Amino acid sequence: MPNEVVVSNFIRSIIDEDNRAGKWGQRVETRFPPEPNGYLHIGHAKSICLNFGIAHDYNGVCHLRFDDTNPEKEAQEYVDAICENVAWLGFDWGQNLHYSSDYFDQLYAFAEYLIAQGKAYVESLSADEIRERRGTLTSPGQNSPYRDRPVDESLDLFRRMKAGEFPDGKYVLRAKIDMSSPNMNMRDPVIYRIRHIHHQRTGDKWCIYPMYDYTHCISDAIERITHSLCTLEFEDHRPLYDWVLDQLVDNVPCHPQQIEFARLNLTYTVMSKRKMIELVESGLVDGWDDPRLSTLAGVRRRGYTPKSIRQFIERIGVSKADSWIDVSVLEDCLREDLNESAPRRVVVLKPLKLIIDNYPEDQEEDCFAPNHPKKPEWESRIVPLSKTIYIERDDFMEEPAKGYFRLSPGAEVRLRYAYIVKCVAVDKNAAGDIEAIHCTYDADTKSGTEGAKKRKVKGNIHWLSAKHVGQAEVRLYDRLFVDPYPDTGDKDYKTLLNPESKEVIVAYVEQSLSHAEPGQSFQFERNGYFIADHTDTKPGKPVFNRAVTLRDSWEKITSV
RNA sequence: UGGGGAGUCGCCAAGUGGUAAGGCACUGGAUUUUGAUUCCAGCAUACGUAGGUUCGAUCCCUACCUCCCCAGCCA
């Protein structure tokens, strides 16, 4: 029985039905099977959350299995990174860390068995010749002249392939299925190839390596996986998955069920490995963990929390329909998490000097700012006030737009946690740029006093005392692309980059922020959620990344 | 034009032969010292199209349309 009530989906329906029918004796075992040939991205998070989530909900287990059958493209560096990402997302594979390469011996033995059964043969044709005879989508392929090679001869050849007697490409092992099948995958697929190359785990023990279609189903079966979840493009591989296991009924412990779901498509980003590599290698982004990338390393550095990613995956659901999820859904999941968990701080991103004319020159006083508006137990911190302060440029308009209720000449606004002030003058330089604004304050309106209750003003802005501020580098990130679908069709995605996806500024920050630890998240009041960068934050010298802005219904009004 | 899939509100996504869950977005309104949050209310006579079966169809049947995937010794 599921541990908690969750939204139904077609995969859970299948499992529920299996449980009712007693197909697996109530056992649910899944696996996340990445090939260690690159970095994980948010699309993988869907598979991870799905596999681990289902296993958890049905009191089952989920394995982490590296599908490392192609040593040409794989590296230990990637398995380390993948393990780290999965753990970061909050999942635990326990003792179930596996590698397809763990099964090379068994896979080999099964291959000899298939040959002996007349279900596989050694092919002498070259890759090109095989392709020529494969037929097309609408016409059948033709049998290889080697298809009926005697079992003993195939066996001998296969053993010599393994022994290293032949160069790459000389022979392959093919499953003997049906060259006229309308399903291309069934036209005698290659299941072993010769590759004289060092494998990151098995070293030089092997020079023949099994192919995905042959390996995956057997690995699933060996691990006694019950439900093997994969993406839609493997739908027409399923007959092959089943065929292999059917040949091996007497040799493997079970026959897992492959179930396919639609992969995640996210707007305003690219997810394809090739394009990500290009972005990284051409320097268009700052490495694999660039906060604008949808790699797991990137979103983590951007400030996304594991919880927000899990929430996101839960929110988008799972089905077999191709779909596009708007990044705003992801962003909103982060806000939902951080609104609860992030302490508030005051930061002035784009400063404008404000002088309180009637405030005593050398006076300073403490104002108390709660660390969270809804959590008094988080207590308050002191934010000092003095005659000269900085406010956000956006919080002043010399000629206020309709509906604008922040500061403008003659207007009143509350300095958050302090006094109500009124704008009385504007200083400009020779060029006409505003250099500072002057206000007077109403000494009877300090926040927390009785006087504060007597007057209400609509505008409420944040500020920082000029003589008490610290400074910090802040990186304002925005979407990497201006086009919602940069990854589709034959678009030249590099021309669709958002030139303003990264803006680096030096902001005024309240002093408590200079002690921020790498990875700590904050809400900069009225601005957004920021994280102290994991790698660039140094003791006493934080660097902040903007993960996401706050919702802003004023901006929504003005941008229309 | 072969085979395999998919089409339910702006975006996701449940669901059943008996008269369309939910989330997000959106729109009102309340609260609010974040134009944030929270709260409350509203939001598909309609399930790709056209026929048919039925007392009744989004769900069954037929035809059609659109989109996605497949011709690696990649996974």
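Reminder, nothing fancy here: chain letters follow the sequence lines and each chain counts from 1. Being a predicted model, the structure only gives us computed values, none of them experimental.
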A.B. asks: Under 3.5 Å, is there a donor-acceptor pair between the A:Tyr39 and A:Glu77 side chains?
C.D. replies: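 On atom types as modelled, these side chains qualify, holding a pair under 3.5 Å.
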
A.B. asks: Which part of the nucleic acid, if any, lies within contact of A:Lys374, taking any heavy atom under 4.0 Å across all strands shown: a base, the sugar-phosphate backbone alone, or nothing?
C.D. replies: base

A.B. asks: Using atom P of each nucleotide, how far apart are B:G28 and B:A36 to the nearest Å?
C.D. replies: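 It comes out at 13 Å once rounded to the nearest Å.
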
A.B. asks: With sugar-phosphate meaning primed atoms plus P, OP1 and OP2, does A:His237 contact a base, only sugar-phosphate, or nothing at under 4.0 Å between heavy atoms?
C.D. replies: base

A.B. asks: Does the Lys NZ or Arg CZ of A:Arg406 fall within the cation-pi geometry relative to A:Phe396 - under 6.0 Å from the ring centre and within 45° of the axis?
C.D. replies: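 Negative - A:Arg406 is either too far from the ring of A:Phe396 or too far off its axis.
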
A.B. asks: Pick base, sugar-phosphate or nothing for A:Arg134, based on heavy-atom distances below 4.0 Å to the nucleic acid.
C.D. replies: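 Counting heavy atoms under 4.0 Å across all strands, the contact made by A:Arg134 is with sugar-phosphate only.
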
A.B. asks: Between the base of B:G3 and the side chain of A:Asp236, is there a donor and acceptor pair under 3.5 angstrom?
C.D. replies: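 Side chain to base: pair present.
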
A.B. asks: Using Watson-Crick or G-U wobble pairs with both distances under 3.5 Å, give me RNA chain B in dot-bracket, 5' to 3', with [ ] for crossers and | for pairs to another strand.
C.D. replies: .((((((..(((.....[...))).(((((.......))))).....(((((..]....))))))))))).....

A.B. asks: At under 4.0 Å between heavy atoms, what does A:Pro373 touch on the DNA or RNA strands: base, sugar-phosphate, or nothing?
C.D. replies: base

A.B. asks: For A:Val172, which contact category applies under a 4.0 Å heavy-atom criterion: base, sugar-phosphate, or nothing?
C.D. replies: base

A.B. asks: Under 4.0 Å between any heavy atoms, over every strand shown, what does A:Arg195 touch: base, sugar-phosphate, or nothing? Just pick one.
C.D. replies: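 Since a base atom lies under 4.0 Å of A:Arg195, the category is base.
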
A.B. asks: Between the protein and nucleotides 6-13 of chain B, are there any N/O to N/O pairs under 3.5 Å, and if so, what are the atom names and distances?
C.D. replies:
from  : atom 1 : to       : atom 2 : distance (Å)
B:C11 : O3'    : A:Trp324 : O      : 3.3
B:C11 : O2'    : A:Trp324 : O      : 3.2
B:C12 : OP1    : A:Trp324 : N      : 2.9
B:C12 : OP1    : A:Trp324 : O      : 3.3
B:C12 : O5'    : A:Trp324 : O      : 3.4
B:C12 : O2'    : A:Ile316 : O      : 2.5
B:A13 : OP1    : A:Ser319 : OG     : 2.5

A.B. asks: Quote, to the nearest angstrom, the C1' distance that separates B:C65 from B:G72.
C.D. replies: 33 Å

A.B. asks: Applying a 4.0 Å non-hydrogen cut-off, can you work out what A:Ser553 is touching in the nucleic acid: base, sugar-phosphate, or nothing?
C.D. replies: sugar-phosphate

A.B. asks: Looking for any heavy atom pair under 4.0 Å, which part of the strands does A:Gly448 touch: base, sugar-phosphate only, or nothing?
C.D. replies: base

A.B. asks: Write down the distance separating the P atoms in B:U58 and B:G52, rounded off to the nearest Å.
C.D. replies: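 Result for the P pair: 14 Å, nearest Å.
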
A.B. asks: Hey, does A:Tyr404 reach any base, or is it just sugar-phosphate, or nothing, if we go heavy atoms under 4.0 Å?
C.D. replies: base

A.B. asks: For B:G29, does the O4'-C1'-N9-C4 (purine) or O4'-C1'-N1-C2 (pyrimidine) torsion place it in syn, i.e. within 90° of 0, or in anti?
C.D. replies: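 Anti, angle beyond 90° from zero.
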
A.B. asks: Relative to the ring of A:Trp206, is the ring of A:Tyr108 parallel (under 30°), tilted (30 to 60°) or perpendicular (over 60°)?
C.D. replies: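 The arrangement is tilted - the two ring planes meet at 30° to 60°.
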
A.B. asks: Using a 5.5 Å cut-off between ring centres and planes within 30 degrees, is A:Trp554 stacked on the base of B:G35?
C.D. replies: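 Stacked: ring centres under 5.5 Å, planes under 30°.
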
A.B. asks: A:Val244 pairs by side chain to side chain contact (heavy atoms under 4.5 Å, CB included) with which of A:Asp213, A:Ile191, A:Ile218?
C.D. replies: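 Going through A:Asp213, A:Ile191, A:Ile218 one by one, the side chain to side chain contact (heavy atoms under 4.5 Å, CB included) with A:Val244 is satisfied by A:Ile218 alone.
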
